[in-house]
Amino acid sequence: MLGKLLVRYLRPAWLLIVVVVVFQLAQSIAALWLPTLNADIIDNGVVTGDIPYIWSTGAVMLLVSLVQVVCAVVAVYFGSRLAMGMGRDLRRDVFHRVVAFSQREVGQFGAPSLITRNTNDVQQVQMLVQVSATLMISAPILAIGGVVMAVRQDAGLSWLMAVTIPVLLVIVGLIVWRMVPAFTEMQRRIDRVNQIMREQLSGIRVVRAFVREREERVRFGTASADVRDTALRAGNLMALMFPAVMLVMNLSSVAVIWFGAFQVQDNGVQIGTLFAFLTYLMQILMGVMMATFMFVMIPRAAVCADRIGEVLGTTPSVSAPEVAASAPAPAGRVEFDHVDFAYPGADEAVLHDVTFTVEPGTTTAVIGSTGSGKTTLVSLVPRLFDATAGSVRIDGVDVRAYDPDELWTRIGLVPQRAFLFSGTVASNLRYGDASATDEQLWDALELAQAADFVRAMPEGLGAPIAQGGTNVSGGQRQRLAIARALVKRPEVYIFDDSLSALDLQTDAALRRALDTRLPDATRIVVAQRVSTIQQAHQIVVLDHGRVVGIGRHDDLVDTCETYREIVESQLAAEAAA
């Protein structure tokens, strides 16, 4: 997967790759030429006392060194641009794929893992490209070129290379082989740390309410210790690699000087040539050493690339049709036709043979005990999930046949958990319609019974909203979420238990305003309070995913036992209060 990923994202930047290769080649050639020039100075200048030759050859060495430095800087600059651009494109594609996921895929991967894959995992692959552009290109050039130049200097000592290079490769191979499982485990444990941290930040009020700070600290500490232990195991192996490489290099240097001294003594080789051979051998081993540094990064980058590839290779279960159906004139009629739904891997379906129709301009309420499938049912309308059997239709067209953008323009969803984005009141409301005027925003706030508390804020529509809306109360957050949907002005409104944080007076005022101002809009309301849905044109009662009653409030009290039990339990609770 790593190779496929690199080919896919580096191919468009082929020109940058060519530039990096050319300048790395130039600086490597310059580095290989310098030892030969140094040998010439020693043998033809220092030994013979030829000062002009020393100056002239030294000037050439300085010029070659300057060219080497300039080429190295240029290569690193364009290599960095190559890596950063590749990381940008990879993050963009991962983000776009995750945004296209349905709730099914998000649940399959888990939000903490998706965050890690789009941050830490992409960073590891990006670092590999960065280091490859600076080391991986020059390393083989130095190694192969060093072999050629060393043999030209002294073929009699070439057997030392045939011994030291294989030894070095075997040592590095064994260490890298042990590091791959450690890096695989490390990424999984980083996912676990992200998951625990996310849970604790989201549920901080629950943690404090139940005095579980100590237990949560222990849980986070255990996960952090797991990451530490895995990182230490991988770090110990990495730390072992460089001393092993240096040991081989130093022993090689000693061997060259030892055996070369005998050749100098026998006049078989000159001193300058011996030093040049030693320098070339060091360059060869340095090239191998740089390659080992790459081998350290490749296993972890390969693991990260596999994880990124899993995201990019996952096809969203909710996808746009190849040819979208012609959208009919908006009316707001919603039909559930023998709908079943089962979550992946579940033993049984959540919804069973659900059939009912919501007529345009009416209010249909969905009620039932906890876990009866209410939220799942209304999630099928905007295609947060797709029905596993049967069909859901809007204005006579299956929602799966709509172009997704066309479908979502017809629906205003107020989710069970009201979520606001960091920004201002106005920026959150304009998620419904980016071109909405301030007058339209205030009109939506009036309808949602939110205008009074927004006016009370010093900045009004410009009042800041923290991430998640944590700086406003639960009821205010829900009313702003309702106003956001009202700004959109769709044909179908879905209120998924989104009135639960409102007091009875505000709840009643909101319902009256909706009935008066939006008489033609279709409304589907999921609620727990019977008082919220008593005036609905139609009430659908769910029990364990099955429709056990459909009708108005008075009729259901007489004919539906499940609904009657819900009503009686709430009346008893009110009487007890």
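The figures that follow rest on heavy atoms only: side chains count, while hydrogens, waters and symmetry mates do not.
With Arg479 contributing its side chain and Gln449 its backbone, the two residues share a donor-acceptor pair below 3.5 Å. A distance-only check finds no donor-acceptor pair linking the side chain of Asp121 to the backbone of Ala305 [under 3.5 Å]. No donor-acceptor pair under 3.5 Å is formed between the side chain of Lys374 and the backbone N or O of Ala527. Between the Arg212 side chain and the Val207 main chain, no donor and acceptor come within less than 3.5 Å of each other. At least one donor-acceptor pair under 3.5 Å links the side chain of Asn471 to the backbone N or O of Ala466. Formation of a donor-acceptor pair under 3.5 Å by the Arg192 side chain with backbone atoms of Ala223 is not found in this model. Although no hydrogens or angles enter the test, the distance criterion places no donor-acceptor pair under 3.5 Å between the side chain of Glu459 and the main chain of Met457. No side-chain donor-acceptor contact under 3.5 Å links Tyr431 to the backbone of Lys488. Side chain of Arg81 to main chain of Leu16: no donor-acceptor pair is present (N/O by atom type, distance under 3.5 Å, no hydrogens or angles). Looking at Thr222, its side chain does come within 3.5 Å of a backbone N or O of Val218 through a donor-acceptor pair.
Phe495 and Tyr493 have parallel rings, their planes meeting at less than 30° on a 0 to 90° scale where 60° marks the start of perpendicular. Classification of the Phe109-Phe101 ring pair by plane angle, with boundaries at 30° and 60°, yields parallel.
A heavy-atom distance below 4.5 Å is not found between the side chains of Met84 and Val129. In this structure, Ile17 and Leu82 have side chains that are in contact, with non-hydrogen atoms separated by less than 4.5 Å. Within the 4.5 Å cutoff, the side chain of Asp496 has no heavy atoms near those of the Pro415 side chain. Contact check for Arg8 versus Lys4: no side-chain heavy atoms found under the 4.5 Å cut-off. When side chains are defined from C-beta on, Arg400 does not count as touching Val392, because their heavy atoms never get closer than 4.5 Å. You'll find the side chain of Phe336 stays beyond 4.5 Å of the side chain of Val540, heavy atoms only. With a 4.5 Å cut-off on side-chain heavy atoms, Val98 and Val94 count as touching. Put simply, the side chain of Asp93 reaches to within 4.5 Å of the side chain of Tyr9, judged on heavy atoms.
We find the OG1-NE2 distance between Thr562 and His544 to be 9.5 Å, quoted to the nearest 0.5 Å. Rounding to the nearest 0.5 angstrom, the gap separating the CZ atom in Phe453 from the OG atom in Ser473 is 7.0 Å. Atom OG of Ser372 sits about 5.0 Å away from atom CG of Leu542, to the nearest 0.5 Å. Atom CG of Asn118 is separated from atom CZ of Phe95 by 8.0 Å, given to the nearest 0.5 angstrom. Between the CG atom in Leu114 and the CZ atom in Arg117 there is a gap of 6.5 Å [rounded to 0.5 Å]. Taken from CD1 in Ile190 to CD1 in Ile115, the straight-line distance is 13.5 Å, to the nearest 0.5 Å.
Contact detail for Ala436 and Leu441: the closest heavy-atom pair is CB-CD2, 3.9 Å. The heavy-atom pair separating Val339 from Ala387 by the smallest distance is CG1-CB, 3.9 Å. Taking both residues in full, the closest heavy atoms of Arg91 and Gln126 are given as NH1-OE1, 3.4 Å, listed atom of the first, atom of the second, then distance. Considering all non-hydrogen atoms of both residues, Gln130 and Ser80 come closest at NE2-OG, 3.0 Å. When all heavy atoms of Leu486 and Ala444 are compared, the closest pair comes out as CD1-O, 3.8 Å. Leu351 and Leu380 get closest at one heavy-atom pair: CD1-CD1, 3.8 Å.
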key: side chain to side chain contact (heavy atoms under 4.5 Å, CB included) between Val525 and Val366, worked out   = CA-CA 6 Å; Val525 181; Val366 182; over 6 Å; no
Test log, rule side chain to side chain contact (heavy atoms under 4.5 Å, CB included), inputs Gln440 and Val487 = CA-CA 7 Å; Gln440 290 173 315; Val487 168; 5.7 Å; no
Intermediate values then yes/no, salt bridge (Lys or Arg N to Asp or Glu O under 4.0 Å), Arg97 and Glu310: CA-CA 11 Å; Arg97 179 53 58 94; Glu310 289 176 0; over 6 Å; no
> What's the verdict on side chain to side chain donor-acceptor pair (under 3.5 Å) for Asp340 and Thr388, showing C-alpha distance, side-chain angles and the deciding distance?
Replying inline: CA-CA 6 Å; Asp340 287 5; Thr388 51; 5.9 Å; no
message: Would Leu445 and Leu429 count as a side chain to side chain contact (heavy atoms under 4.5 Å, CB included) here? Give the steps.
response: CA-CA 9 Å; Leu445 289 170; Leu429 296 184; 3.8 Å; yes
Worked check of side chain to side chain contact (heavy atoms under 4.5 Å, CB included) between Val454 and Leu480:
CA-CA 9 Å; Val454 172; Leu480 288 174; 4.1 Å; yes
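More than 12 non-hydrogen atoms from other residues, nucleotides or ligands lie less than 6.0 angstrom from NE2 of His352. Within 6.0 Å of CZ on Arg92 lie more than 12 heavy atoms contributed by other residues, nucleotides or ligands.
Under a 4.0 Å N-O distance rule, the pair Glu185/Arg233 does not qualify as a salt bridge. Salt-bridge formation is not detected for the pair Arg546/Asp543: no Lys NZ or Arg NE/NH1/NH2 atom is positioned less than 4.0 Å from an Asp or Glu carboxylate oxygen. Salt-bridge formation is detected for the pair Asp443/Arg489: a Lys NZ or Arg NE/NH1/NH2 atom is positioned less than 4.0 Å from an Asp or Glu carboxylate oxygen. Ion pairing of Glu491 with Arg523 is absent here, as no side-chain N (NZ or NE/NH1/NH2) approaches a carboxylate O to less than 4.0 Å. Salt-bridge check for Arg410 with Glu406: passed, with a basic side-chain N closer than 4.0 Å to an acidic carboxylate O. Salt-bridge formation is detected for the pair Arg219/Glu216: a Lys NZ or Arg NE/NH1/NH2 atom is positioned less than 4.0 Å from an Asp or Glu carboxylate oxygen.
Geometrically, Arg383 does not engage Trp408 in a cation-pi contact, judged by NZ or CZ lying under 6.0 Å from the ring centre and within 45° of the ring axis.
Applying side-chain contact (heavy atoms from CB on, under 4.5 Å) to Ile494 and the options Thr522, Val334, Val414, Leu413 leaves one that passes, Leu413.
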